[in-house]
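Just the heavy atoms: all of them, side chains too, but no hydrogens, waters or symmetry mates, feed the values below. Residue numbering restarts at 1 for every chain, and letters A, B, ... go by the order of the sequence lines. Keep in mind it's a predicted model, so treat the numbers as computed, not measured.
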Amino acid sequence: MSPQLAKPSPESSSAGLHFNDTELTLGLPGATKSGTKRGFSDTVDLNLRGPCNTDHASNPSENDVSGDSKPPPAKTQIVGWPPVKASRKNVAKISKYVKVAVDGAPYLRKVDLEMYGSYQQLLGSLEDMFSCFPIRNYLNERKLMDPVKGSDYMPTYEDRDGDWMLVGDVPWKMFVESCKRLRLMKSTEAIGLGKEFFFSSFFFKFFCELLNYILLIFFFFFLFPFEICGAAPRASQKCTSTSGSKSL
Amino acid sequence: MPEPEVDTRRREIAGVLTGEFQSPSPDQVLENVLENVLLFLTSRRDRNAVSLVCKSWYRAEALTRSDLFIGNCYAVSPRRAIERFRRVRSVVLKGKPRFADFNLMPPNWGAYFTPWVTAMATSYPWLEKVYLKRMFVTDRDLELLAQSFPAFKELVLVCCDGFGTSGLAGIASKCRQLRVLDLIEDEVADDEVDWISCFPESGTCLESLIFDCIECPINFEALERLVARSPSLRKLRLNRYVSIGQLYRLMIRAPQLTHLGSGSFSSSDIVAQGDQEPDYISAFAACRSLVCLSGFREIIPDYLPAIYPVCANLTSLNFSYANINTEQLKSVICHCHKLQIFWVLDSVCDEGLQAVAATCKELRELRVFPIDAREDSEGPVSEVGLQAISEGCRKLQSILYFCQRMTNAAVIAMSKNCSDLVVFRLCIMGRHRPDHITGEPMDEGFGAIVMNCKKLTRLAISGLLTDKAFSYIGKYGKLVRTLSVAFAGDSDMGLKYVLEGCPKLQKLEIRDSPFGDAALRSGLHHYYNMRFLWMSSCRLSRQGCEEIARAMPGLVVEVIRNENEEDKDGFEILYMYRSLERPRIDAPEFVTIL
């Protein structure tokens, strides 16, 4: 039997939160699809052994008493609980509002993901909303440079697991299901998220600068002396030969 | 196939005419009399008792049984059922256990209709009715069904999957005597076939057409014509692709309807300013026989007043897909004095339930579903609503109630006020939640239910529960047949109390509770009397299950792995059931039969 112990009895819950009982089975973060078969693996199965749910609001101190244990993680849905059929679950889901943050903007906005049918529509709408921040659109390879700021933005989102992902990889419906918030990230900060990672990254720019300096030093110390010493060839030969014999 | 009954009578009559009549032997007379009497016996429990009297009664009963009920399709093989019961007109088959509805069972587990329909096709040519629940039905099965039974009249599929609109097209076109086609909570694949157009052009004998679960558009013009040429139609439940304007057109063609599923109950396009909307109120008023109303799949509450004319006659109202608030419900429910069955979403809040309690004095069945089915959602209904219902609806027999907060006091009140309760299912959505006022476990509440509701046969428990709750169930739940347990109990004693105390227990489904092998062993005396036992994410070991399998050869013990599980010895689910057959051969790879 796989180590799936039931919740420890109430008396022992405050004695310690044992996260070695956490068992994560990853499935597609996709929604139920109409007209197709339900998938047993189409859900995220996260069995957490945490304290009693009601203790959260009333006794937050009790949870913190248990030494080095982390605070209880956010509630993630368990497979098949509550026992409501999939066909009944989408009754109220006519809107899904998520926060949109843009690096550098003074306040956040909210958008309803259900209003859009595709990434194009969403990104277009975001561009309208934040018209002064041009958004990099990987789907079309359109790249708009902000002439004033000299940078552009990449659309990223936080998914159900808390990871920051690049917008556009998964099918639209799957994205709507799993997206919790959006962030338009400054390209310079968006390391490792896109194809143009190398060219937009900080390291590449540093490397270019370094190369610049190296070339500058090369010209200054090796080529420049030849020009100063007027009778260039012989003087330089003498210099090099003496330095060469000395070294021998 | 000539029926033996007819043959005997023909011989007798022939004998009388030619003067060669020989009086039948006393045994034969007795058997003939018995058969004629047994024709009137419909209850299958009585019939089972009859068949145990003696061999001759067994034979007579087998010949006269026309309604075959098989509660677990793997408990008996098609061949055995057909050999015993030769003159069956109606078959009920049930497949997967109920927890499969909530994604707890991996897909492709089994419960295939194919071997049954194949066997029946040759042996039951006069088959008229098929009722399937939680079975896997393919389009080919439906084709075979449509071809093999010329007298076929009723097809009811509940919570089934595996078929699509092309299978329905076959049924519609070939079953010329079809009276009932009910698709209830099935998963129907969209094969892009216009099955509505496949019904016979020359008029149908359709009495009931239910397809509200179909998640794809239908040809509305064809449906309108179908309704027009189906004069016997009494029950019609539309899917959400039928707008309110289209509903109007159907209602004026079929004012004789008794059961109506209203489709989306919203307009498909935005109605322009000057447009005249049809007179929905008079359309409803014209349906004088309407007693059951459902649908409202994408309701625009402004249209709700259209149903006022029928409210006074309604005995069944299903708002479980209607996102309406307290005020909107109140405006409707105040007219529904005769209501007996009411399904609703918790968006109506406790106040809405108070309004129900105030008006619906005849209420027999109440189901309150959560609009936001998550553990940490708001929870607009609570013990307040339950208390109000218990005080107002004294004739209540069945309740299903989803909530986030509950108290023992309210549950105890219900146990005392509604002594006719047969079904009590309370789902406190947050796991291990105690009484939110006293902080105590919910043991006393459920204890009171089993103590005071003497007719209780079905119970589902939730919230913070200790072994004490189970001891109450074992002590007082003498009529309980179905028990659902989730995230409850402290130790093996809990399950022991139930297995040792409930003699009528037939269906036991348990998930995520700390019951182990010792508890499992305590039910050995009873498992042959049960239809099935389901235990998932409990404290069982493979050895424990193997022990049971060895001790009880008449039991099929299945251990089901999570498909992603790499540990071949680990398992998620124990599902065991009695069976007259050897273990099934159609089990998938992740199922091990011990």
Side-chain angles (χ1 to χ4, degrees), chain A residues 1-13 21 23-27 32-59 72 74-95, chain B residues 99 101-107 159 161-162 164 185 187-190 213 215-216 320-323 345 347 369-376 402 427 429-434 436 439 460 464 484 486-487 489-490 511-514 537-542 562-565 567 569-572:
Chain A
M1 175 82 176
S2 51
Q4 294 216 19
L5 302 174
K7 175 209 168 290
S9 57
E11 300 88 69
S12 66
S13 62
D21 288 339
E23 192 164 330
L24 177 63
T25 312
L26 282 180
T32 51
K33 300 161 273 292
S34 61
T36 58
K37 302 183 194 355
R38 286 185 294 265
F40 177 75
S41 52
D42 274 1
T43 48
V44 177
D45 182 3
L46 186 66
N47 280 315
L48 295 171
R49 307 290 162 230
C52 210
N53 297 345
T54 51
D55 289 342
H56 286 158
S58 48
N59 311 326
K75 220 71 61 73
T76 317
Q77 306 311 311
I78 296 237
V79 173
W81 189 262
V84 176
K85 285 206 197 97
S87 57
R88 290 196 178 277
K89 279 196 174 179
N90 295 325
V91 177
K93 273 205 184 116
I94 35 172
S95 64
Chain B
F99 274 1
D101 286 352
F102 313 123
N103 275 10
L104 287 175
M105 182 84 104
C159 302
D161 64 334
E185 294 180 25
E187 276 195 37
V188 184
D190 181 7
C213 61
E215 289 288 321
C216 56
S320 65
Y321 288 96
N323 188 354
L345 285 174
S347 58
F369 292 96
I371 196 166
D372 185 1
R374 290 176 302 144
E375 272 188 83
D376 44 0
F402 284 86
C427 181
M429 290 192 279
R431 290 168 289 149
H432 313 295
R433 248 184 226 165
H436 80 98
L464 180 65
S484 276
F487 305 101
D490 299 322
R511 64 165 295 180
D512 294 274
S513 300
S537 305
C538 297
R539 290 204 181 138
L540 300 172
S541 74
R542 204 185 162 101
N562 184 333
E563 284 170 303
N564 301 329
E565 187 80 33
D567 172 18
D569 282 333
F571 65 94
E572 284 284 329

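Interface residue B/Phe402: only side-chain heavy atoms are found under 4.5 Å from chain A. Residue contact with chain A, scored on non-hydrogen atoms closer than 4.5 Å, involves the backbone and the side chain of B/Ser320 alike. Heavy-atom distances place the side chain of B/Phe369, and not its backbone, under 4.5 Å from chain A. Interface remark: B/Cys427 contributes side-chain atoms only to the contact with chain A (heavy atom separation under 4.5 Å).
B/Met429 and B/Asp372 make their closest contact through CE-O, 4.3 Å (heavy atoms, listed as atom of the first residue, atom of the second, distance). Of all heavy-atom pairs between A/Ile78 and B/Arg511, the closest is CG2-NH2, 3.4 Å. Between B/Asn103 and A/Val79, the closest heavy-atom pair is O-CG1, 3.5 Å.
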Exercise. side-chain contact (heavy atoms from CB on, under 4.5 Å) between B/Arg433 and B/Glu375: does it pass, once the steps are laid out?
Worked result: CA-CA 10 Å; B/Arg433 248 184 226 165; B/Glu375 272 188 83; 5.6 Å; no
